[in-house]
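One structure below.
Each chain gets a letter, A, B and so on, in the order the sequences are listed, and its residues count up from 1.
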Protein chains: 2
Amino acid sequence: MKTYTIRELSQLTNTPASALRYYEDIGLLTNVAREGSKRIYNDFHLARLHAIQCFKNTGMSIAKMQDFFRYEENIPEHIDAIIQLVTEHEADIEKQIAILQKELSHIQHKVRFYNGIKKAITEDRCWPEWEEV
Amino acid sequence: MKTYTIRELSQLTNTPASALRYYEDIGLLTNVAREGSKRIYNDFHLARLHAIQCFKNTGMSIAKMQDFFRYEENIPEHIDAIIQLVTEHEADIEKQIAILQKELSHIQHKVRFYNGIKKAITEDRCWPEWEEV
DNA sequence: GTAACACTTCAAGTATACTTGAAGTCAAGA
DNA sequence: TCTTGACTTCAAGTATACTTGAAGTGTTAC
């Protein structure tokens with residue numbers, strides 16, 4: 001199995017080494033081997049880091065990730081909790097997308113509005129109304 | 001023009017009074033009138049607060065909001081900066097949506113995977129592979 | 001008149017997620 | 001041997017966006 005130094009894993013995942021040490025401290029990365037005192041990661045850690053980044057990208061708190069990865073250590077015992085956690089997170093992401101899409105159209109309206117004003121300024125006409133753009 | 005106490009504006013916008021005071025401190029809410037020492041808001045503040053919440057919902061930093069509302073005080077002088085700010089923010093939201101949609105399908109895969117495991121456990125079958133769910 | 005209530009100011013505190021700095025270890029190269 | 005570079009640990013610091021607490025003011029209810 002391939003192994004990685006902290007520098008390699010850092011570059012592969014675009015994550016600062018300080019964050020990798022932090023994730024280990026708080027138990028998001030577990031069973032990190034040592035060669036002397038230096039950390040040696042493997043493909044398991046690479047995969048977990050991708051999961052961490054997926055969760056992070058979608059706004060999951062570190063506390064929930066800690067829960068999730070602890071549950072994952074004994075899936076049969078925690079299967080219901082795991083399903084609840086991921087299902088709730090799925091709903092949360094859908095909600096975030098819905099909010100962003102709604103607000104995006106407000107922002108797009110603003111973009112049209114201010115472009116209209118700029119055009120009016122350069123052409124020395126009167127400014128558009130918010131409603132008409 | 002309608003006016004609002006801090007409590008009314010707080011309830012109308014679902015924003016803690018402490019946040020309203022904070023927004024005023026840092027210049028996001030401006031020209032707040034006083035009746036004695038008590039803040040009196042109006043429809044202008046209500047509208048601005050909706051804008052603040054739109055920006056906040058879409059992840060804009062307070063620093064950028066400060067820029068935006070300062071620019072808005074003199075639109076002709078800052079029209080290019082305003083257009084750049086809102087256009088960049090539009091692109092930022094689109095990027096956020098794209099990331100969320102991509103990660104959502106990962107999470108949905110996880111939901112299917114763990115539901116498959118639960119089913120396998122209850123029916124005493126062997127667990128599904130990640131790829132097959 | 002006094003208690004309750006809604007508000008005020010201002011400084012300090014909070015949560016999250018890391019980052020930074022100081023001091024030290026260890027192996028390889030000149 | 002000495003220096004450089006990459007790593008180590010651990011405590012303290014940082015950024016963002018507020019919140020909380022203490023102490024005070026002013027108006028209404030009994």
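Taking 4.0 Å as the cut-off between side-chain N and carboxylate O, A/Glu131 and A/Arg112 do not count as a salt-bridged pair. The pair B/Lys110-A/Glu90 fails the salt-bridge criterion, with no side-chain N (NZ, NE, NH1 or NH2) lying under 4.0 Å from an Asp/Glu carboxylate O. Electrostatic pairing of B/Arg48 and B/Glu72 counts as a salt bridge here, judged by a charged N lying under 4.0 Å from a carboxylate O. Classification of A/Arg70 and A/Asp67 as a salt-bridged pair holds, one side-chain N sitting under 4.0 Å from a carboxylate O.
The side chain of A/Tyr23 places no N or O atom within less than 4.0 Å of a non-bridging phosphate oxygen (OP1 or OP2) of C/dA17. Under 4.0 angstrom from either OP1 or OP2 of D/dT8 there lies at least one side-chain N or O belonging to A/Arg39.
Comparing A/Tyr22 and A/Lys38 along DNA chain C, the residue whose closest nucleotide (by nearest heavy atom) sits nearer the 5' end is A/Tyr22. Of the two residues near DNA chain D, B/Ser37 and A/Tyr41, the one whose nearest nucleotide lies more 5' is A/Tyr41.
Between the CG atom of B/Asp25 and the C1' atom of C/dA11 there is a distance of 12 Å, rounded to whole Å. Atom pair B/Leu9:CG and C/dA6:P shows a separation of 17 Å (rounding to whole Å applied). Between the CD atom of A/Glu35 and the P atom of C/dC26 there is a distance of 14 Å, rounded to whole Å. Straight-line distance from the CD atom of A/Gln66 to the P atom of C/dT16: 10 Å, rounded to whole Å. With rounding to whole Å, A/Phe55 atom CZ is found 18 Å from C/dT16 atom C1'. Taking atom CD1 on A/Ile26 and atom C1' on C/dC18, their separation rounds to 9 Å, with Å as the unit. Atom pair A/Glu24:CD and C/dA17:P shows a separation of 18 Å (rounding to whole Å applied). Between the CD1 atom of B/Ile6 and the P atom of D/dT27 there is a distance of 18 Å, given to the nearest Å.
Summarising the local packing, CD of B/Glu35 is surrounded by 12 or fewer heavy atoms from other residues, nucleotides or ligands at distances under 6.0 Å.
Distances from the side chain of B/Arg7 to the nucleotides D/dA17, C/dC7, D/dT19 place C/dC7 closest. The side chain of B/Arg34 has C/dT9 as its nearest neighbour among D/dC18, C/dT9, D/dT8. Closest approach to the A/Arg21 side chain among D/dC18, D/dT9, C/dC7 is made by D/dT9 (side chain taken as heavy atoms from C-beta onward). Comparing atom distances between the A/Ile62 side chain and each of C/dA17, C/dA6, D/dT19 picks out C/dA17 as nearest. Checked against C/dC7, C/dT19, C/dT9, the side chain of A/Pro16 finds its nearest nucleotide in C/dT19. The side chain of A/Lys56 approaches C/dC18 more closely than any other nucleotide in the set C/dT9, C/dC18, D/dA17. Among the nucleotides C/dC18, C/dT20, D/dT9, the one closest to the side chain of A/Ser18 is C/dT20.
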